[in-house]
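In what follows, a single structure is set out as structure tokens and then discussed.
Counting begins at 1 with the first residue of the sequence. Computed from a predicted structure; not experimentally measured.
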Amino acid sequence: MSPSSRRDLLRVRLAVLTYQRPLDLAAALPLLLQQALGASQADLQVDLLVVDNDPAASARALVTRVARQTEVAVHYEHEPTPGIAAARNRALDAAGDVDVLVFIDDDERPSPQWLSLLLQTYRRHSSAAVIGPVVSEFTVEPGAWVTAGRFFVRLRRPTGTAVSVAATNNQLLDLHQVRALGLRFDAEFGLSGGSDTLFTRALHRHGGQLIWCDEAVVTDVVPPDRATPSWVMKRALRSGNSWSRASLALTDSARARLVVRLLLTGGGLLRLAGAAVRFGAGVLTRSLALRARGARTLARSLGMLAGAWGYVYSEYRRPVASAQTSSR
């Protein structure tokens with residue numbers, strides 16, 4: 001049965017998660033409201049949800065002001081529990097009788113027809129999720145090493161391609177299928193990142209179809225402090241660490257976990273060797289691209305190895321005072 005035939009009215013909610021980024025949120029909200037208005041049809045109802053993960057509820061005033069100035073229904077949810085997994089789960093919990101939940105980050109800007117394109121792909125495939133590409137735009141041009149390493153160039157696929165894992169920074173979810181499977185974002189990944197990796201891998205493992213929509217582009221606005229060698233290397237380390245931890249979380253027995261640990265260790269060591277060869281070739285040939293990509297593979301490999309044996313790299317750790325303060 002196609003999604004549109006399940007109900008006369010398809011209820012869609014755009015969910016943007018935010019944490020102490022008022023300028024980004026102020027730039028994103030009008031664009032998302034335009035998307036909601038542009039996609040609205042007789043059989044389609046679109047509204048907007050902002051989940052504020054700041055314990056001080058710093059986004060409340062902005063969202064309240066925006067809500068008064070638009071005909072689109074705007075919902076505000078305060079999630080004081082630190083970590084993006086808690087914010088994502090709050091979005092799931094606040095969805096009510098919504099059919100489709102669409103995640104986008106507060107520092108991203110949707111392209112024209114972004115939402116309509118996601119929904120077209122969803123209706124065509126009746127999939128559990130639709131994934132769109134993210135392209136980066138820099139406020140300050142990164143250095144030569146970051147550019148040569150292509151650290152912000154993400155894989156693209158033809159529309160209709162099935163994938164097995166995805167981030168939530170441009171993702172549509174069929175909540176009927178998600179709820180039927182009882183899936184949620186794992187709080188153990190809240191401050192480390194990777195809860196979306198685990199979630200989508202679990203969704204795929206349980207038979208949910210994840211379909212790519214290459215035209216539904218969002219632009220990631222990269223601030224200067226992220227366009228640095230230090231940041232991209234830490235992100236590569238975290239990415240490898242999260243992959244190993246998610247792989248272990250998907251196992252269901254001690255024996256299976258041991259097997260997965262050994263496989264991850266072997267894979268990490270092979271990647272490590274490959275990284276050394278690539279980096280060495282870069283040194284010999286004076287290729288900045290080879291050195292940069294070798295360094296990234298090295299960082300990801302170390303993250304995989306560490307994650308396979310229990311180390312957790314918390315990319316989103318917060319100051320103790322901020323994490324413990326709550327307006328509730």
Side-chain angles (χ1 to χ4, degrees), residues 2-4 6-7 9-18 25 28-29 31-33 35-41 43-53 63 67 72-79 83-106 108 110 114-132 134 163 165-187 189-190 195-204 206 208-213 216 218:
S2 68
S4 58
R6 280 202 297 261
R7 295 183 180 215
L9 180 67
L10 186 68
R11 296 173 176 85
V12 179
R13 180 159 294 171
L14 301 179
V16 54
L17 315 182
T18 190
L25 186 62
L29 289 180
L31 299 177
L32 294 174
L33 293 172
Q35 294 282 331
L37 290 168
S40 294
Q41 303 169 6
D43 63 344
L44 186 65
Q45 177 181 297
V46 184
D47 62 21
L48 178 62
L49 167 68
V50 177
V51 179
D52 185 0
N53 200 210
V63 177
V72 177
V74 178
H75 308 274
Y76 173 85
E77 290 285 336
H78 179 217
E79 178 49 70
I84 195 168
R88 288 168 176 155
N89 283 330
R90 175 56 70 95
L92 292 178
D93 293 339
D97 62 353
V98 166
D99 303 299
V100 170
L101 187 66
V102 182
F103 281 111
I104 186 171
D105 288 352
D106 60 356
E108 292 176 337
W114 162 72
L115 179 58
S116 295
L117 290 164
L118 287 176
L119 290 170
Q120 286 173 20
T121 301
Y122 168 64
R123 283 175 153 157
R124 186 177 307 122
H125 294 273
S126 302
S127 53
V130 179
I131 315 301
V134 178
V163 299
V165 61
T168 57
N169 51 3
N170 186 3
Q171 181 181 113
L172 177 154
L173 288 175
D174 180 328
L175 292 184
H176 298 285
Q177 297 188 52
V178 169
R179 289 165 180 154
L181 294 171
L183 294 179
R184 292 180 66 78
F185 294 93
D186 193 331
F189 290 73
S195 65
D196 48 357
T197 296
L198 176 56
F199 182 94
T200 52
R201 288 179 66 183
L203 180 59
H204 178 261
H206 285 90
Q209 191 178 37
L210 286 69
I211 296 295
W212 187 263
C213 178
V218 300

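Residues satisfying the salt bridge (Lys or Arg N to Asp or Glu O under 4.0 Å) test with R179, not counting sequence neighbours, are none. Checked against side chain to side chain contact (heavy atoms under 4.5 Å, CB included), A87 has the following partners two or more places apart in sequence or in another chain: L17, V51, N53. Residues passing the side-chain hydrogen bond (donor to acceptor under 3.5 Å, both in side chains) test with D106 are T18, R21, sequence neighbours excluded. Partners of D47 according to the side chain to side chain contact (heavy atoms under 4.5 Å, CB included) rule, which considers only residues two or more places apart in sequence or in another chain, are R13, A73, H75. For L48, the side chain to side chain contact (heavy atoms under 4.5 Å, CB included) partners at least two apart in sequence or on another chain are L14, V16, L29, L32, L33, V74. Considering only residues two or more places apart in sequence or on other chains, D186 meets the side chain to side chain contact (heavy atoms under 4.5 Å, CB included) condition with E188, F189, L198.
Here the CD1 atom belonging to I131 is positioned 9.5 Å from the CD1 atom belonging to I211, to the nearest 0.5 angstrom. We find the CZ-CG distance between R123 and L44 to be 5.5 Å, quoted to the nearest 0.5 Å. In this structure, CG in N170 is found 9.0 Å from CG in D105, a value given to the nearest 0.5 Å. If you take OH on Y122 and CG on D99, they are separated by 6.5 Å, rounding to the nearest 0.5 Å. Once rounded to the nearest 0.5 Å, the distance linking CG of N89 with CG of L183 reads 10.5 Å. For the atom pair T121 OG1 and L172 CG, the distance stands at 9.0 Å (nearest 0.5 Å).
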Discussion item. Before you tell me yes or no, could you show the steps for N169 and V218 under side chain to side chain contact (heavy atoms under 4.5 Å, CB included), namely the whole-Å CA-CA distance, both residues' side-chain angles and the distance that decides it to 0.1 Å?
Written reply: CA-CA 9 Å; N169 51 3; V218 300; 5.9 Å; no
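Between A91 and F103 the shortest heavy-atom distance is CB-CE2, 3.8 Å. Across all their heavy atoms, S126 and Q177 have their closest contact at O-NE2, 3.4 Å. Among all heavy-atom pairs drawn from Q35 and L115, the shortest one is OE1-N, 3.0 Å. Nearest heavy-atom pair, R90 versus H78, reported as atom, atom and distance to 0.1 Å: NH1-O, 3.0 Å. Pairing each heavy atom of V46 with each of A39, the nearest pair is CG2-CB, 4.5 Å. When all heavy atoms of C213 and V130 are compared, the pair lying nearest together is CB-CG1, 3.8 Å.
Using a 4.5 Å cut-off on side-chain heavy atoms (C-beta onward), R184 and D93 make contact.
Ring geometry for F185 against F199 counts as parallel: the plane angle stays under 30°, on a 0 to 90° scale with 60° as the upper cut.
Of the options L118, I104, L101, T200, a side-chain contact (heavy atoms from CB on, under 4.5 Å) to Q171 is made by T200 and by none of the others.
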